[in-house]
Structures are given as structure tokens and as C-alpha cells.
Amino acid sequence: MREMMLKLQEAALKAIRESEDAESLEALRVRYLGKKGELTGILRQMGKLSAEERPQMGQLANQLRAELEASIEERRRELNEAKLARKMLQETVDVTLPGETPRLGHKHPMYNALDQIKDIFIALGFTIVDGPEVELSDYNFTKLNIDEGHPSREWTDTFYFDRESRVCLRTQTSPMQVHAMETQPLPIRMIAPGRVYRKDEVDATHSPMFHQIEGMVIDKGVTMSDLKATLNLVVERLYGTGTVTRFRPHHFPFTEPSCEMDIQCHKCGGKGCPTCKGEGWIEILGAGMVHPKVLAGCGIDPDVYSGWAFGMGLERLAMGEYKITDLRLIFENDVRFLEQF
Ligand code: DAH
């Protein structure tokens, strides 16, 4: 029995010393010292021994158990230390490495232009209103005096959601005039920027989605001279004092009279150049006096109140301001383009 124990001692100590990790070490503990382990197995045979041998062997077994336990404990500490050392090595932080600067974005150039316009109108006492992009044809067309049969109501021009052409993506921000008149107390001074949608193929000057800014004033005694004075002031704030403008007669179903407003080309001073396509003038918006039929349709007495409205394209404005020649660049969000502003 002594021999068996010595053999076990030698084998166990070797195995413990050579164990590679906590799991195999635990397996060794179970194998040698566990309830069904090898040492217990040897002790079971104590009954065969003589009365003198038994205490000696008992003592030897206890010593062996203590020795193995200590050895396991020692190895466990070594393994833990090695593991910690490896971890420390892997997680080293080299504080001398250069840092990675996070890339900060900035506002889109078109929204910079919009912010500028908003500031100008806010200073003039206008409110900024927001409205639905999915619109009833009633609001997008009918209440704006655009009757059934008008070409802009065709399926080839407008995105509809239903066969009856009752619901569409708004083709202009002008329905915001109607929403404002139906919901806001008079007098009204508002602008309404937002997205609009038309069935256009994408090219350098067209996109099926673009942005407009609608503006409207309704009060007693509002005239065409208020329209001209206000828009001239806005344009001077936007393009600089002394900017020359002109108003040309035009037709819109929801204004009467209607006009388009041009600014004299800031690049060539009106002589004609590539920026103004040789015209000397750049068209920037459509406007007019709100049609009495539109006022009446919104429950406003056209004999008491009058008003003016305008609508301008935001992309065109930003393109002029930042000398952008292709509309697609505004929507593609290529950072190499956007970083330039
Ligand atoms: N909604 C028109 C368009 O998309 C632009 C416009 C013209 C708006 C005259 C107005 C206006 O408010 O009075 O072409």
C-alpha cells in the first residue's frame, strides 16, 4: 500500500505541475482527491492491513492528501498569475500613439440657405409653419383655384395614392396657404418651407423631390406694394443692399394679379454671363395677390381682407449662393462635395 501511495504521489505531483489551466487542474483534484478518487480508492483497502500498519498508513495518507492539496493550491495561484500577466500584456494601452480625431459633420449647404431666409422672415414678424407632405387634392389644387382638368393635376405630373386622385404627394407648398387661413387667426404672416414632389426625371436641374418656401400675409388693406416692398427687403438682406430686382407679370391660378420676381445677376451686373445664362436676370420666385376665390373658400371675406403670397425654390437659391451647377449634388450626400461648405 505504501508503494501504491508513493506511485500516486509521484504521478499526481507531476500531473499537477504540468496542468495548463484551471479546468484541467480541477479535473486532477477530482481524479486524485475526490470522493471516488484514487486516494480514496487506496484507503478503502485499509481493512486488509494489520492493526500496526493501519495507523501508519492512515498518517501517510493524510500527509499525502495535504501535500497534494497544497500542490494544487500552489499551481492554481501560478496559473492565475500567468493568466493575469497575459491579460495585462494584451490590454496594454500605448498612450504615445496619435489619437483618432472624430469626424464632425456640419449643416447641409441648402439648410444653411434656409436658416438665413428663416432668420430674415422671423425678424419681420413672420411665423414658421410646417404641414403635411401627403396632401388631399382638395388642398393641393381645388382650394387653390386649380380646377379638375388643369394639366398639373394629371397622373403624368403628380404622384397619387388612390385611383380617384383624392390623395397625393404635394406638388407645391401652396396648400400651406389654405391650412394657415383655415386654422390661424387673422392677421397672418407666415412662411412654410418643405419638401414637394413631382413626376420629373432626374437630371442636372430636375428632381422628383425638391424644396420650396411658401410665404403669405393676410390682413386688412394689404396691397401689391406691400408685396414688392417686403420681397425687395428680403432680397437685399439675402444678396446685399442695392440688389436690383424686377417684377414680371405672370399667371398663377391662386393669385391675381400674379408675377415673377427676378434679381439682376450678381455675377455680371446684368450684362449677361453663364450664371444668368446670358439673360442678365435670375428668376427667384413666383408671387401675387391671393385670389379672392381662394380667400372666400377659406372663409375670409375678400371685401374686408386681402393678402399676398410667394413661393420659391430652395435648391435653386442654394445653388446660386454656393455656385453649385448640378442639382443632384445637393441630394447625393457625397461628403467630398458637402465638405466644401
Ligand atoms: N406654387 C407655385 C409653384 O410651385 C409657386 C407660387 C407662385 C407660389 C405664386 C405662390 C404664389 O404662393 O403666389 O410654381
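Order of appearance sets the numbers: ligands from 1, and atoms from 1 within every ligand.
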Open item on the list: I'd like to know if Arg103 pairs up with Glu339 as an ion pair, taking the criterion as any Lys NZ or Arg NE/NH1/NH2 lying under 4.0 Å from an Asp or Glu carboxylate oxygen.
Closed with: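 So Arg103 pairs with Glu339 through a salt bridge.
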
- [ ] Could you verify whether a donor N or O on one side chain and an acceptor N or O on the other, from Thr142 and Arg153, lie under 3.5 Å apart?
- [x] yes

Open item on the list: Under 3.5 Å, is there a donor on one side chain and an acceptor on the other for Glu214 and Gln177?
Closed with: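 There is such a pair (donor and acceptor under 3.5 Å, judged by atom type) between the side chains of Glu214 and Gln177.
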
Task: Member of Asn140, Asp157, Thr158 meeting the side chain to side chain donor-acceptor pair (under 3.5 Å) criterion with Thr171 - done: Asn140

Task: Partners passing ring pair (Phe, Tyr, Trp, His ring centres under 6.0 Å) against Phe341 (at least two apart in sequence or in another chain) - done: Tyr322, Phe337

Pairs of nitrogen or oxygen atoms, one from ligand 1 and one from the protein, closer than 3.5 Å: please tabulate them with distances.
from, atom 1, to, atom 2, distance (Å)
ligand 1, 1 (N), Gln172, OE1, 2.7
ligand 1, 1 (N), Ser174, OG, 2.9
ligand 1, 4 (O), Arg198, NH2, 2.9
ligand 1, 4 (O), Gln212, NE2, 2.9
ligand 1, 12 (O), Gln177, NE2, 2.9
ligand 1, 12 (O), Glu214, OE2, 2.6
ligand 1, 12 (O), Phe310, N, 3.4
ligand 1, 12 (O), Phe310, O, 3.2
ligand 1, 13 (O), Ala309, O, 3.2

Task: Phe121 ring center within less than 6.0 Å of Phe310 ring center - done: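 Yes.
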
